[in-house]
S.K.: 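Please find one structure pasted underneath; my questions will follow.
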Number of protein chains: 2
Amino acid sequence: MAVDREQVLRAAASLLMRKSSATMDEVARAAGISRATLNRQFAGRDALVRALEELGIAECEAAAERAAVDDGPAPDAVRRLVLELEPAAGLLAFLYSENQLFEGEELNEGWARLDARMVALFRRGQEAGEFRIDLSPVWLTEALYGLLVSAAWAICEGRVAPKDFSSNVTELLLGGAVRREK
Amino acid sequence: MAVDREQVLRAAASLLMRKSSATMDEVARAAGISRATLNRQFAGRDALVRALEELGIAECEAAAERAAVDDGPAPDAVRRLVLELEPAAGLLAFLYSENQLFEGEELNEGWARLDARMVALFRRGQEAGEFRIDLSPVWLTEALYGLLVSAAWAICEGRVAPKDFSSNVTELLLGGAVRREK
DNA sequence: ACTCGATGAGACACCACTGTCTCATTTGAG
DNA sequence: CTCAAATGAGACAGTGGTGTCTCATCGAGT
């Protein structure tokens, strides 16, 4: 009987990704519960969004863990990371558009941890001579987020095939659009 | 005396990029006019957003025109395009997060025109052997938008230097992150 | 069968934002 | 200067979403 909190969060994320202005009533309906129950679990819209933020951070950190981003060649680590991040891309896309979170000058320190991890990954690749040094690790991190969001959106809109998600992001991020002579 | 309509739109875009949920009153204040005047020029928030959309499309098309995206090598055309698109990146970032526009299943045909133009550019590059063919033109177009928005955001947040805007976007989109042997 | 906790449905007041109105003031042209 | 148009400030009700409440129902464990 007890509502599965995480399942509610996933339904909310799935809906809010497509319609960020969805009503609490719509969210509840999408999760298959009543508005009353939704409010019992999350005290207000803010709390729901915060919970989604926490979930997003947790999923990203879990993905980074599974991908073992600190091991092996950096390009391979990026490939593994994107692969593991794919299931969280939709949630990430929602949080990305929710700039309200960062408006309150009080951004969750989880993002800082994640950013630091990503930046370290790209910096490691640069120091190993695998990544070019004229693109800052910070920008590469931002670009990774941007590409993940773009890919999630494009798939959601049906513009690109879901199966191409990770290869699209990885190949563009690492190799770029220009044809390379081997 | 007559309020400069375009100036109002720019102020609105500048504010809404940072706070997409800004009140009409906040928008008016940011534009240096009263709410009454704002409502006299744009009949409601929808009209304002639509006007911003039109402005964004017009700026992108003007940029594509100035960049002469159909002339010369495709990679150079992309470089010129990004360069010309830089002033519109902020507005683009706002519109990008305003998925409401596309929610109403009635997307402005201007976007379709722009998309077609971008897709044609990337396809041209592929057919000339300049771009790799394992990344679809549609995805490259989406990625270009995503990188533009990411760069605009990163600069707005102070994470990357404004002067690196075009090189960051262009170099990553065309060359990727991996170091290349010349 | 009983009971207790959780849920759904609905009602309710509250609040912020919106759109519109009025009126005094300002601006610019003739 | 004079006047008409535009603007700013404020008031006003309407609206949609929110948070809270009550009450009936449901379901699982005893």
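Just so it is clear, the values below take in all heavy atoms, side chains as well, and ignore hydrogens, waters and symmetry mates. Labels below follow one simple rule: chain letters A, B, ... track the order of the sequence lines, proteins then strands, and each chain is numbered from 1.
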S.K.: Return the CG to CG distance between B:Asp134 and A:Asn168, rounded to the nearest 0.5 Å.
M.R.: 9.0 Å
S.K.: Mind checking if B:Arg45 touches a base, just sugar-phosphate, or nothing, with heavy atoms under 4.0 Å?
M.R.: sugar-phosphate
S.K.: Please confirm whether any donor atom in the side chain of A:Arg35 sits under 3.5 Å from an acceptor in the base of C:dG8, or the reverse.
M.R.: no
S.K.: What integer distance in Å separates B:Leu38:CG from C:dC17:C1'?
M.R.: 13 Å
S.K.: Are B:Tyr145 and B:Asp115 close enough that some pair of their side-chain heavy atoms sits under 4.5 Å apart?
M.R.: yes
S.K.: Does a side-chain N-to-carboxylate-O contact under 4.0 Å join B:Arg50 and B:Asp46?
M.R.: no
S.K.: Please report the interatomic distance CD(A:Glu98) to CD(A:Glu53), rounded to the nearest 0.5 Å.
M.R.: 9.5 Å
S.K.: Rounding to an integer number of Å, can you tell me how far A:Asp25 CG sits from D:dG17 C1'?
M.R.: 10 Å
S.K.: How many whole angstroms separate atom CG of A:Asn39 from atom C1' of D:dT20?
M.R.: 8 Å
S.K.: Just the rounded figure in Å: distance from P of C:dG19 to CD of B:Gln41.
M.R.: 15 Å
S.K.: Taking the six-membered ring for Trp, are B:Phe122 and B:Phe131 parallel (under 30°), tilted (30 to 60°) or perpendicular (over 60°)?
M.R.: tilted
S.K.: Decide if atom CZ of B:Arg132 counts as having more than 12 heavy atoms of other residues, nucleotides or ligands within a radius under 6.0 Å.
M.R.: yes
S.K.: Rounded to whole angstroms, how far apart are CZ on B:Arg5 and C1' on D:dT7?
M.R.: 17 Å
S.K.: To the side chain of A:Thr37, which of C:dG8, D:dG8, D:dT18 is closest?
M.R.: C:dG8
S.K.: Identify the heavy atoms of B:Ala12 and B:Leu48 that sit nearest to each other, and give their distance.
M.R.: CB-CD1, 4.4 Å
S.K.: Strictly under 3.5 Å: I want the nitrogen or oxygen pairs between protein and nucleotides 21-23 of chain D, one per line.
M.R.:
none

S.K.: To the nearest angstrom, how far is A:Asp46 atom CG from C:dA16 atom P?
M.R.: 13 Å
S.K.: Salt bridge check: are A:Arg123 and A:Glu127 linked by an N-O gap of less than 4.0 Å?
M.R.: no
S.K.: Could you state the atom-to-atom distance from CD1 of B:Ile33 to P of C:dT25 in whole Å?
M.R.: 22 Å
S.K.: Can you list the steps and then say if B:Ser14 with B:Arg10 is a side chain to side chain donor-acceptor pair (under 3.5 Å)?
M.R.: CA-CA 6 Å; B:Ser14 170; B:Arg10 301 215 172 271; over 6 Å; no
S.K.: Looking at B:Thr23, does any N or O in its side chain come under 4.0 Å of the phosphate oxygens OP1/OP2 on C:dC17?
M.R.: yes
S.K.: How long is the line joining CZ of B:Arg29 and P of C:dT18, in whole Å?
M.R.: 12 Å
S.K.: Between the two end axes of the helix from C:dA1-D:dT30 to C:dG30-D:dC1, each built from 5 base pairs, what angle do you get to the nearest 10°?
M.R.: 30°
